[in-house]
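Letters go in sequence order (proteins before strands), and every chain restarts at 1.
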2 protein chains.
Amino acid sequence: MEKETTIYDIARRLKLSPATVSRALNDHPAINSNTKSTIAATAKEMGYRSNTFASNLRRQRTNTIGVIVPRLDSHFMSTVLAGMEKVANAASYNLIISQSLESVRKEIANAKTMFNSRVDGLLVSVAYDTEMSEHFDAFVNKGIPLLFFDRVLAHKRSTCIVIDNAKAGYEATAHLIQQGCRRVMHVTGNLKRNVYADRLKGYKLALLDFGLAYEDELVMVTDLSHEAGLKAASHIQTMKNPPDGLFVTNDFCAVSCMSALKKAGLSIPADIAVVGFNDDPVSSVVEPTLTTVHYPGEKMGEVAAQSLINHLNGAMDIQTTNTIILHSELIVRDSSKKAV
Amino acid sequence: MEKETTIYDIARRLKLSPATVSRALNDHPAINSNTKSTIAATAKEMGYRSNTFASNLRRQRTNTIGVIVPRLDSHFMSTVLAGMEKVANAASYNLIISQSLESVRKEIANAKTMFNSRVDGLLVSVAYDTEMSEHFDAFVNKGIPLLFFDRVLAHKRSTCIVIDNAKAGYEATAHLIQQGCRRVMHVTGNLKRNVYADRLKGYKLALLDFGLAYEDELVMVTDLSHEAGLKAASHIQTMKNPPDGLFVTNDFCAVSCMSALKKAGLSIPADIAVVGFNDDPVSSVVEPTLTTVHYPGEKMGEVAAQSLINHLNGAMDIQTTNTIILHSELIVRDSSKKAV
DNA sequence: GTGAAAGCGCTAACAA
DNA sequence: TTGTTAGCGCTTTCAC
């Protein structure tokens, strides 16, 4: 690797000071525009590239945002990341992305790396089994803004970006009831996660509002995997008093459950109406098409990144905002259209 | 933001020199192990964190890998990234990820950012319309390893990680013919991209081998979007001599085409057998389930990242390897099972 | 086994 | 409008 050109090289060549070169390169208003263009030209000619590390070291700022997510390979998460990347890139921030693979242990390691990488801010959606949040204390203590999105930590004072999961859960359940369902089953995930706990709340509330009894038997806590969907389906078939409505808090799980039920001879929605969650592309492709809750992933990514950047630029105080709730929406498709 | 602890603070507290502290923290063999543990303890107590920028500046290395992809929000790409992240993280490399959103212009900007961020190496899958590669010359000139994956640039001397797209295209087409199809239509993407060009080659070769004539009318170049699928479907219905086999080089596009055809009253696979590409989750969920080519995304990500890292660590010379071909596989499902 | 000192490349306060 | 200067925090050569 040959020697890098520095602003000193340019300065020497042009008989200017390094400071002037630095200013010109950063488009400082006080620099003569002729000087600027000469410098720009020479820089280009000499193959100069700015050294971010020197600059970061000097400015005590990294222009880097850390992102920790449970998994990279879900449709929802990739839309979120796409949104973040768009905003970050436009504001000339870099994104360092890592996945916890749903394990706290890895989440802790990732947080540490982010901390040492001196990210200017951190965007987090926590793992399936994260309970405490000490691994984020270092950020809070140093005044590094921390923003949770989607799967947020309840006892943290930091800003959260979420949808109204309780409302979404309510709407999904109410919709099923309005379609004529009298026994609505709910398949959900780890109730320590706000997203699942809140949806369950909404589910319960809807039952209550419509005068249906809540039964423990009708709530299944699973890991929302493909297998969980199959298990739910076979469980349903063993029930003496099976449900006529099913609200699964994840489209993929709903789909695998649905196909297992269909294979078992049940007709959807006639025998059992189904609602999923997330509006994953599969939901509009399965048969019957799956009623689901549209989750504004890209928007969430954009808002999260933008809020953090605004905070970093002093344009907004994130700490006072505390919670941003995005709009979600029930998308009614064929899997739940019982009534006409 | 309060003052950061530096090795000077630790040195002062312990009445040692910064050099010793630095060495101890980096586990230098020449340092007394007692000194080491004292230093480690004090560092922890004082909330020390190493300053990567100072270190990078000094060592002229960043431990960062840049990744440029067309889009983040496809299933395929997110599995690739997941694979890369896993490997990079294990080797304590950071990933800086950016998306070109299928535009060369943004790809060029991203490459520039990566270059200025001094990534140790770059992993790239090019945009839909990228034609030249000058924006990567800077990397080549500086000896920064550059590795293309999936959508690679033909005229570049750099290493490529791909699947055998021609073979995959051949197999997909041959399979349709073996199922009894006599007129196989092919819906593909921009033929400047190796992936689509190669699959087309395979398609042509299969026709040849099975004694079928190639017809321009049977090849549609599209952007492989949802709309493209619909357009293909309606085009098929206007043909005097419609195809009885359809090979679409993208699952999503195939699925939307398939449902449009179904809606138009065609039966699949009886009237027209369909094969997709990528093995996206939708393909096993649609009805009929979609025959497709399994694309080893995660594996590709792992191999790409690992090759680059090995090269950076001197464990392997990437430049001599040149092309790594991963295994892909035709997954036969219901959409193409004509014969019994 | 430890220390002194120089410098990586940049920016910004201050000066001119 | 431009220059001088002093670090940012770390690593590493050379010395002891």
Participant: For B:Arg59 and B:Pro29, find the nucleotide of DNA chain C closest to each by heavy atoms; which residue's nucleotide sits nearer the 5' end?
Facilitator: B:Pro29

Participant: When you measure from the centre of the six-membered ring of A:Phe115, is the NZ or CZ of B:Arg49 under 6.0 Å away and within 45° of the axis?
Facilitator: yes

Participant: For the pair made of CZ in A:Arg118 and P in D:dG9, what is the distance, rounded to whole Å?
Facilitator: 8 Å

Participant: Is the closest side-chain donor-acceptor distance between B:Asn56 and B:Thr62 under 3.5 Å?
Facilitator: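 Side-chain D/A pair, B:Asn56 to B:Thr62: absent.
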
Participant: N/O contacts under 3.5 Å, protein versus nucleotides 2-6 of chain C?
Facilitator:
from	atom 1	to	atom 2	distance (Å)
C:dT2	OP1	B:Thr35	OG1	3.0
C:dT2	OP2	B:Asn32	N	3.1
C:dT2	OP2	B:Thr35	OG1	3.4
C:dG3	OP2	B:Ser17	N	2.8
C:dG3	OP2	B:Ser17	OG	3.2
C:dG3	OP2	B:Thr20	OG1	2.6
C:dG3	N7	B:Arg23	NH1	3.3
C:dG3	O6	B:Arg23	NH2	2.5

Participant: Rounded to the Å, how far apart are A:Leu57 CG and D:dC10 P?
Facilitator: 9 Å

Participant: For a 4.5 angstrom cut-off between non-hydrogen side-chain atoms, does A:Asn310 reach A:Gln306?
Facilitator: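 Yes, their side chains come closer than 4.5 Å.
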
Participant: Would you tell me if any nitrogen or oxygen in the side chain of A:Ser22 comes within less than 4.0 Å of OP1 or OP2 on C:dC10?
Facilitator: no

Participant: Are B:Asn26 and D:dT11 close enough that a side-chain N or O sits under 4.0 Å from OP1 or OP2?
Facilitator: yes

Participant: Measure CG/B:Asn56 against P/D:dC10 and give the value in whole Å, please.
Facilitator: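 That distance rounds to 12 Å.
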
Participant: Between B:Gln60 and C:dG9, does any side-chain N or O lie under 4.0 Å from OP1 or OP2?
Facilitator: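 B:Gln60 to C:dG9 OP1/OP2: side-chain N or O found under 4.0 Å.
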
Participant: Quick one: B:Arg61 CZ to D:dC10 P, roughly how many Å, whole number?
Facilitator: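 Rounded to the whole Å, the gap is 19 Å.
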
Participant: Can you tell me the distance, in whole Å, between the CG atom of A:Asp9 and the P atom of C:dG7?
Facilitator: 15 Å

Participant: Expressed as a whole number of angstroms, how long is the span from A:Ile7:CD1 to D:dG3:C1'?
Facilitator: 13 Å

Participant: Please report the interatomic distance CD1(A:Ile144) to CZ(A:Phe139), rounded to the nearest 0.5 Å.
Facilitator: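 Going from the CD1 atom of A:Ile144 to the CZ atom of A:Phe139 covers 6.0 Å.
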
Participant: Could you check whether the rings of B:Phe76 and B:Tyr295 sit parallel, tilted or perpendicular, using 30° and 60° as the cut-offs?
Facilitator: tilted

Participant: Roughly how far apart are A:Leu101 CG and A:Leu72 CG, rounded to 0.5 Å?
Facilitator: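 Here the rounded value is 8.0 Å.
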
Participant: For A:Phe53 and D:dT11, give me the distance from atom CZ to atom P, rounded to whole Å.
Facilitator: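 So the CZ-P distance, A:Phe53 to D:dT11, works out to 14 Å.
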
Participant: Under 4.0 Å, heavy atoms only, any strand: does A:Thr52 hit a base, just the sugar-phosphate, or nothing?
Facilitator: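 No contact.
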
Participant: Using whole Å, what does the distance between atom C1' of nucleotide D:dG7 and atom CG of B:Asn51 come to?
Facilitator: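 My rounded result for the distance is 13 Å.
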
Participant: Looking at side-chain heavy atoms only, is the closest gap between B:Asn51 and B:Glu4 below 4.5 Å?
Facilitator: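 No, side chains not in contact.
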
